Amino acid sequence: LPGQTRLDVLDGSVECVRDIVSNLNKIEIKGIIITITNPADIIADFVRKATGLPKNRVFSTGTSLDTARMRRTVADLCNIAPQSVIGFAMGEHGDSSMVPFSNLTIFGKNTDHIISPPTIREQNGHIGSEHRCLIAHMRGIDIIEGKGSTEFGIGTALADMAKAVLMDEHRILPASTLLEGEYGQTNVHAGVPCIIGRNGIEQIIELKLTDEELKQFENSCNVIKQHMVE
């Protein structure tokens with residue numbers, strides 16, 4: 001709903017998902033569980049622990065939608081197609097998500113040399129990461145205020161992820177999976193680029209982040225950790 005954050009729906013989401021999991025646990029689950037319920041990272045963690053399934057088989061779409069909005073925003077600023085933007089949003093699927101702009105390219109070309117709209121240009125001539133993240137976040141807010149929900153975006157993200165599993169594509173997509181030391185984080189589900197195939201999460205891709213980006217990612221993970229439920 002307009003004005004509502006993903007964390008605001010936590011209690012209601014947990015109550016609903018707890019009922020679903022209680023029924024799932026009555027059968028042998030042989031497949032992959034991909035959650036899309038918000039708050040995405042916390043619900044994915046809850047479902048994994050409640051079902052007892054290995055981490056590669058329970059994950060959420062995570063920052064897939066954040067990534068799509070970021071790529072569209074960068075593409076609009078650069079006047080190129082979103083498919084040409086290579087990069088990921090990471091961390092929480094929510095207001096604390098971050099984008100490692102040190103790894104963001106337009107087919108190898110650093111975006112700092114391309115993006116410089118004067119309305120948000122900093123003194124050094126480039127857009128700061130906090131401004132670029134804000135622009136991507138605002139795109140989601142605009143959608144909510146415009147039509148009240150974002151079901152088509154998350155539906156597309158889920159379809160892409162399900163296809164990667166069903167077709168064993170070994171495709172790199174952002175997903176919220178359990179971190180066990182990657183990016184310096186443990187015991188938390190957070191959005192990171194992953195190789196996804198028939199077995200679910202086959203590998204977590206560890207990008208080389210700057211010190212500032214690692215701090216932003218840590219801050220986002222801390223937001224998730226503060227709201228985790230049993």
Side-chain angles (χ1 to χ4, degrees), residues 6 34 36 38 40-41 59-117 119-122 126-147 149-165 169-177 183 190-196 201 203-210 212-214 216-217 220:
R6 295 170 182 87
I34 305 174
I36 62 172
N38 279 325
D41 311 281
F59 50 94
S60 88
T61 46
T63 49
S64 289
L65 198 52
D66 311 74
T67 296
R69 290 170 179 163
M70 177 275 294
R71 293 175 67 194
R72 175 63 183 272
T73 300
V74 172
D76 287 348
L77 292 171
C78 297
N79 195 31
I80 50 91
Q83 295 88 336
S84 298
V85 179
I86 309 300
F88 300 94
M90 295 173 55
E92 178 204 11
H93 172 46
D95 294 339
S96 72
S97 68
M98 54 80 66
V99 177
F101 284 97
S102 64
N103 287 271
L104 181 68
T105 68
I106 297 178
F107 270 89
K109 189 171 183 63
N110 191 292
T111 55
D112 279 343
H113 301 295
I114 302 174
I115 309 174
S116 57
T119 54
I120 52 175
R121 184 181 299 164
E122 292 186 330
H126 302 307
I127 304 173
S129 60
E130 69 277 8
H131 289 141
R132 286 180 281 193
C133 287
L134 178 60
I135 296 169
H137 289 159
M138 289 300 295
R139 188 177 290 274
I141 294 172
D142 288 343
I143 294 171
I144 291 290
E145 292 182 347
K147 67 186 187 70
S149 62
T150 62
E151 69 274 19
F152 298 115
I154 193 60
T156 300
L158 176 61
D160 272 351
M161 198 166 282
K163 180 172 176 285
V165 173
E169 291 181 335
H170 308 289
R171 184 176 173 187
I172 299 178
L173 293 168
S176 184
T177 186
Y183 297 100
V192 291
C194 301
I195 299 177
I196 299 179
I201 302 292
Q203 181 182 337
I204 295 174
I205 302 297
E206 288 197 73
L207 303 175
K208 184 176 181 180
L209 305 185
T210 66
E212 177 59 28
E213 289 167 349
L214 278 172
Q216 292 174 0
F217 184 73
S220 189

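Along the sequence shown, residues are numbered consecutively beginning with 1. Keep in mind the model is a prediction, meaning the values are calculated, not measured.
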**Q.** Pairwise side-chain contact, Phe88 with Leu173, heavy-atom cut-off 4.5 Å (strictly under)
**A.** no

Q: Indicate yes or no for a side-chain donor-acceptor contact from Glu92 to the backbone of Ala190 under 3.5 Å, with no hydrogens or angles considered.
A: no

Q. With distance as the sole test, does Ser220 use its side chain to make a donor-acceptor pair with the main-chain N or O of Ser96 at under 3.5 Å?
A. yes

Q: Please report the shortest heavy-atom distance between Ile172 and Pro193, naming the atom on each side.
A: CG2-CB, 4.1 Å

Q: Kindly say whether Ile36 contributes a backbone atom to a donor-acceptor pair with the side chain of Ser60 at under 3.5 angstrom?
A: no

Q. Under 4.5 Å between any side-chain heavy atoms of Leu209 and Asn103, yes or no?
A. yes

Q) For the atom pair CZ (Arg71) and CG (Asp76), what is the distance rounded to the nearest 0.5 Å? A) 12.5 Å

Q) So which heavy atom on Thr177 is nearest to which on Cys194, and how close? A) CG2-SG, 3.8 Å

Q.
Main chain of Leu207, side chain of Tyr183: is a donor-acceptor contact present, judged purely on distance under 3.5 Å?
A. yes

Q: Calculate, to the nearest 0.5 Å, the distance between atoms OG1 and CD1 belonging to Thr61 and Ile34 respectively.
A: 8.5 Å

**Q.** From Val165, Asp160, Ile196, residue fulfilling side-chain contact (heavy atoms from CB on, under 4.5 Å) relative to Arg171
**A.** Asp160

Q. Side chains of Val85 and Leu104: closer than 4.5 Å at any heavy-atom pair?
A. yes

Q) What distance separates Glu212 CD from Phe217 CZ, expressed to the nearest 0.5 Å? A) 14.5 Å

Q | Over all atoms of both residues, closest heavy-atom pair of Pro174 and Thr63 | A | CB-OG1, 3.6 Å

**Q.** Polar side-chain atom of Ser84 near backbone of Ile106 as donor-acceptor pair, under 3.5 Å
**A.** no

Q | Minimum heavy-atom distance Ala81-Ala75, with the two atoms named | A | C-CB, 3.9 Å

Q: Measure the spacing between CG of Leu65 and CG of Leu158 and express it to the nearest 0.5 Å.
A: 11.5 Å

Q | Within-4.5 Å side-chain heavy-atom neighbours: Met161 and Ser64 | A | yes

Q. Does a side chain donor of either Asp41 or His93 reach within less than 3.5 Å of an acceptor in the other side chain?
A. no

(Q) Main chain of Glu213, side chain of Gln216: is a donor-acceptor contact present, judged purely on distance under 3.5 Å? (A) no

